[in-house]
**Student:** 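To start, I am sharing the structure in question, which I have written as structure tokens.
For reference, positions follow the sequence shown, starting with 1.
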Amino acid sequence: MTLFFEPLTDQQMHEAGLGHHLEAPPPLDTEPAVPDFPTTALSPWWQSWVEAVAEETQTPPDLAGVVSLGIVSATIAGRVRVQCTSRHSEPTNVFTVLAMPPAARKSSVFARAVAPLRAVEQALAEEAAPVIAEAAARKRLAEDRADYLRKQATGPKARPNDPDKEIARLEFVEASQAVEEITVPVEPRLLADDATTEALASLAAEQGGRIAVASAEAGLLDIVFSGRYSGGTPATDLLLRGHAGDSYSVDRKGRVRERIDSLCITLALTFQPVVLDTMKTVRESGGSRGELERFLFAIPKSLLGTRKVRTTAVPDDVQADYDTIVGGLARDFYDPNRTMMLTFDSAAQEAWYCFAEALEPEFAGNGFFGERDMEGWGGKLAGAVARIAGILHMASRRGGEVIDEPTVQAAIELGRYFTDHAARAFWQMGSGDIYAQEREVVALVRRKGLRDFTARELFTAASRSRWPAAAELHKVLDSLADLGWVARQEQEHSGPGRPPSPRYTAHPAIFEDRA
């Protein structure tokens, strides 16, 4: 039950040292507002699928929208590029990452989104199986022959200066070369589950330089930013190169170093918000090399507490359209020889230029990207919009290699969506924690009616699971005192023994605000 109290009297305020006329304390910083996912920016078949999945699963449309954007990107990544200017083009792979709390039904949505890629991957593997088996059999036979000739050339029956031995030696060399010339194809892969960066690099090398990581848990991010398998050092080089399409060398134990001319990695990940804490630690320690600026963040509002139990299932034809179109793109562009360079028509080019020009003033002074947190991310935004435009064009089924102006405008709308969500993510990785704690303590003081209290009394009233140690609570109280939300009372202490717990008086505004 919430209790409300009368405002402090002048005498009480005087005794508390607050004075007769209290100025309202500055508002506590609130987390940046985030927009809903703009489903209208997608093609009609795609919009229908996102909205239907959101309805059935009772999840924000952001979840299906952002995850599927990464999945569609994975179908064409490494094969399709967008020509932004005469000298610059962008690949079409993206890093989509979405934060949602546990029990938010991420896995259910993820399974639907990734299903067509899983189906194509399985079909490709089944088609390749006979070819792989035949090549493996030929290689084993060649290895057996080489081993036989090796024994003939070096075995105990071979005599020095024996012509037959020399012939066997030459035949062994030829047979060994024949073994090396037989290549056993690898099983086709489109997707990788969470793996170490070393395993991911090896898998990308096997698959011609491109791979997508799609996961509802995003253990990869924890591995990368915690440096779990790299001596505690964040292993971000793979992501940096895989986003830009740079070359990458893969070192494998017992094998010759393999060079990937253009590494292409796509990420479609969801994770719990606590992962942002790991990213925050990397940023604060100076371990970040700009990899966070490549992520298209989404941190949607939770629907917990407002979800319907009786929902409408995704119509069969809507799911079928999604599976057919996404699966078709995946199969068409699995062929490494099928590549495309998309260009803008004149109106689309002008729209993209105008967007890029409008961003520039935001990097100066008090502009949106003026702070260090968003400066690097904003520098990648125009390129990200071009990538998204390419993805939307390929998903539109209109065909051709020319992107029109409405598609660029839709990509810009998505770019603005991701901008606001990036601001929310960087806020949480920056000062968001202390602000959230300040608001939480103010709410606790209000809820418990603690107009005059000690730090110990507040700690007793607080949840142990949320505030396991008093030191953290003291830190927040000091911050609130600096802002004027509470006033620390002067206390005398003399003689032996522990000093009394600090005593505070709450500002009346705490109890006036019922929000």
**Student:** Does the Gln83 side chain pair with the main chain of Thr85, one donor and one acceptor, at a distance under 3.5 Å?
**Tutor:** yes
**Student:** Taking side chain to side chain donor-acceptor pair (under 3.5 Å) as the test, write out the residues that go with Trp352, two or more places apart.
**Tutor:**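 For Trp352, no residue satisfies side chain to side chain donor-acceptor pair (under 3.5 Å) once neighbours in sequence are set aside.
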**Student:** Under 3.5 Å, is there a donor-acceptor pair between the Gln122 and Arg118 side chains?
**Tutor:** no
**Student:** Just checking, is any N or O donor in the side chain of Gln58 or Thr311 under 3.5 Å from an acceptor N or O on the other one?
**Tutor:**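 On atom types as modelled, these side chains do not qualify, holding no pair under 3.5 Å.
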**Student:** Any donor and acceptor pair, going by atom type alone, linking the side chain of Thr96 with main-chain N or O of Leu267 inside 3.5 Å?
**Tutor:**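 Yes; judged by distance alone, with no hydrogens or angles, the pair exists.
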**Student:** Which distance, rounded to the nearest 0.5 Å, do you find between the CZ of Phe368 and the CG of Leu381?
**Tutor:**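 Between Phe368 CZ and Leu381 CG, I get 9.5 Å after rounding to 0.5 Å.
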**Student:** Can you see which heavy atom on Glu206 is nearest to which on Val186, and at what distance?
**Tutor:** O-CG2, 3.4 Å
**Student:** Okay, side chain of Thr306, backbone of Leu303: is any donor-acceptor separation there less than 3.5 Å?
**Tutor:**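 Flag set: sc Thr306 to bb Leu303 pair under 3.5 Å.
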**Student:** Which heavy-atom pair separates Ala192 from Leu203 by the least distance, and what is that distance?
**Tutor:** CB-CD2, 3.6 Å
**Student:** Taking C-beta and beyond as the side chain, do Pro91 and Arg387 meet within less than 4.5 Å on heavy atoms?
**Tutor:**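 Yes. Closest side-chain heavy atoms under 4.5 Å.
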**Student:** In chain order, what residues pass the side chain to side chain contact (heavy atoms under 4.5 Å, CB included) check against Ala411, with sequence neighbours excluded?
**Tutor:** Val385, Ile388, Ala389, Leu392
**Student:** If we ignore hydrogens and angles and just use 3.5 Å, is the side chain of Lys106 paired with the main-chain N or O of Pro101 as donor and acceptor?
**Tutor:** yes
**Student:** CG/Asp332 to OG1/Thr75 distance, rounded to the nearest 0.5 angstrom?
**Tutor:**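 Interatomic distance, Asp332 CG to Thr75 OG1, rounded to 0.5 Å: 9.0 Å.
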**Student:** Is a donor on one side and an acceptor on the other found under 3.5 Å between the side chain of Thr92 and the backbone of Ser73?
**Tutor:**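 No: the side chain of Thr92 does not pair with the backbone of Ser73.
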**Student:** Just how far is it from atom CG of Leu42 to atom CH2 of Trp49, taken to the nearest 0.5 Å?
**Tutor:** 10.5 Å
**Student:** Using a strict cut-off of less than 4.0 Å between a Lys/Arg side-chain nitrogen and an Asp/Glu carboxylate oxygen, indicate whether Lys301 and Asp36 qualify as a salt bridge.
**Tutor:** yes
**Student:** Flag the pair Lys380 and Glu293 as a salt bridge only when some basic side-chain nitrogen lies within less than 4.0 angstrom of an acidic carboxylate oxygen.
**Tutor:** no
**Student:** Looking at Ala395 and Val72, what are the two nearest heavy atoms and their distance?
**Tutor:**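 Of all heavy-atom pairs spanning Ala395 and Val72, the closest is CB-CG1, 4.3 Å.
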**Student:** Run the side-chain donor-acceptor check on residues 335-346: report pairs under 3.5 Å with partners two or more places apart or on a different chain.
**Tutor:**
unit_1, atom_1, unit_2, atom_2, d
Asp335, OD1, Asn337, N, 2.9
Asp345, OD1, Ala347, N, 3.2
Asp345, OD1, Ala348, N, 2.7

**Student:** Would you confirm whether Asp261, through its side chain, and Gly209, through its main-chain N or O, come within 3.5 Å as a donor-acceptor pair?
**Tutor:**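 Checked: no pair found.
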**Student:** Give a yes or no on whether the backbone of Val476 and the side-chain of Ser479 come within a donor-acceptor separation of less than 3.5 Å.
**Tutor:** no
**Student:** Closest heavy-atom contact between Pro185 and Ile132?
**Tutor:** O-CG1, 3.5 Å
**Student:** Check whether any side-chain heavy atom of Leu359 lies under 4.5 Å from a side-chain heavy atom of Glu362, and answer yes or no.
**Tutor:**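 They are not in side-chain contact.
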**Student:** For Trp46 and Ser68, test the side chains for any donor-to-acceptor distance below 3.5 angstrom and give the result as yes or no.
**Tutor:** yes
**Student:** Looking at CZ of Phe369 and CH2 of Trp377, how far apart are the two atoms once the value is rounded to the nearest 0.5 Å?
**Tutor:**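 Here the rounded value is 6.0 Å.
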**Student:** In the structure I gave you, are the side-chain heavy atoms of Phe333 and Met394 within less than 4.5 Å of one another anywhere?
**Tutor:**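 Side-chain contact under 4.5 Å: yes.
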**Student:** Donor-acceptor pair, Arg424 side chain versus Ala33 backbone, under 3.5 Å?
**Tutor:**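 The answer is no, because no donor-acceptor pair under 3.5 Å joins these two groups.
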**Student:** Is the ring pair His421/Tyr417 parallel, tilted or perpendicular, if the boundaries are 30 and 60 degrees?
**Tutor:** tilted
**Student:** Taking side chain to side chain contact (heavy atoms under 4.5 Å, CB included) as the definition, give me every residue that meets it alongside Ala320, ordered by chain and number, with sequence neighbours left out.
**Tutor:**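 Ala320 satisfies side chain to side chain contact (heavy atoms under 4.5 Å, CB included) with no residue once adjacent residues are dropped.
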**Student:** Taking side chain as C-beta onward, heavy atoms only, is Leu296 less than 4.5 Å from Val66?
**Tutor:** no
**Student:** For the residue pair Tyr322 and Trp45, categorise the inter-ring angle as parallel (less than 30°), tilted (30 to 60°) or perpendicular (more than 60°).
**Tutor:** tilted
**Student:** Do the side chain of Arg446 and the main chain of Ile510 share a donor and acceptor less than 3.5 angstrom apart?
**Tutor:** yes
**Student:** Give, for atom CG of Leu98 and atom CZ of Phe110, the distance between the pair rounded to the nearest 0.5 Å.
**Tutor:**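 That separation rounds to 9.5 Å.
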**Student:** Can you check whether Leu238 reaches Leu263 side chain to side chain, under 4.5 Å on heavy atoms?
**Tutor:** yes
**Student:** Taking salt bridge (charged side-chain N to carboxylate O under 4.0 Å, His left out) as the cut-off, I'd like each qualifying pair that reaches into residues 391-417, sequence neighbours left out, listed once.
**Tutor:** Arg398-Asp404
**Student:** Does the side chain of Ser89 pick up a donor-acceptor pair with the side chain of Arg81 at under 3.5 Å?
**Tutor:**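 A donor-acceptor contact under 3.5 Å links the two side chains.
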**Student:** Quick check for you: to the nearest 0.5 Å, what is the distance between Thr59 atom OG1 and Leu304 atom CG?
**Tutor:** 11.0 Å
**Student:** Can you name the side chain to side chain contact (heavy atoms under 4.5 Å, CB included) partners of Glu51, sequence neighbours left out?
**Tutor:**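 In terms of side chain to side chain contact (heavy atoms under 4.5 Å, CB included), with neighbours along the sequence ignored, Glu51 is linked to Thr39, Gln47.
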**Student:** Taking all heavy atoms of Arg105 and all of Leu63, pick out the closest pair and write down the distance.
**Tutor:** O-CD2, 3.9 Å
**Student:** Name the one of Phe418, Phe426, Phe95, Phe271 that satisfies ring-ring contact (aromatic ring centres under 6.0 Å, His included) with Phe297?
**Tutor:**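 Among Phe418, Phe426, Phe95, Phe271, the one meeting ring-ring contact (aromatic ring centres under 6.0 Å, His included) with Phe297 is Phe426.
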**Student:** Please report the shortest heavy-atom distance between Ile260 and Ala201, naming the atom on each side.
**Tutor:**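 Heavy-atom minimum between the residues: CD1-O, 4.2 Å.
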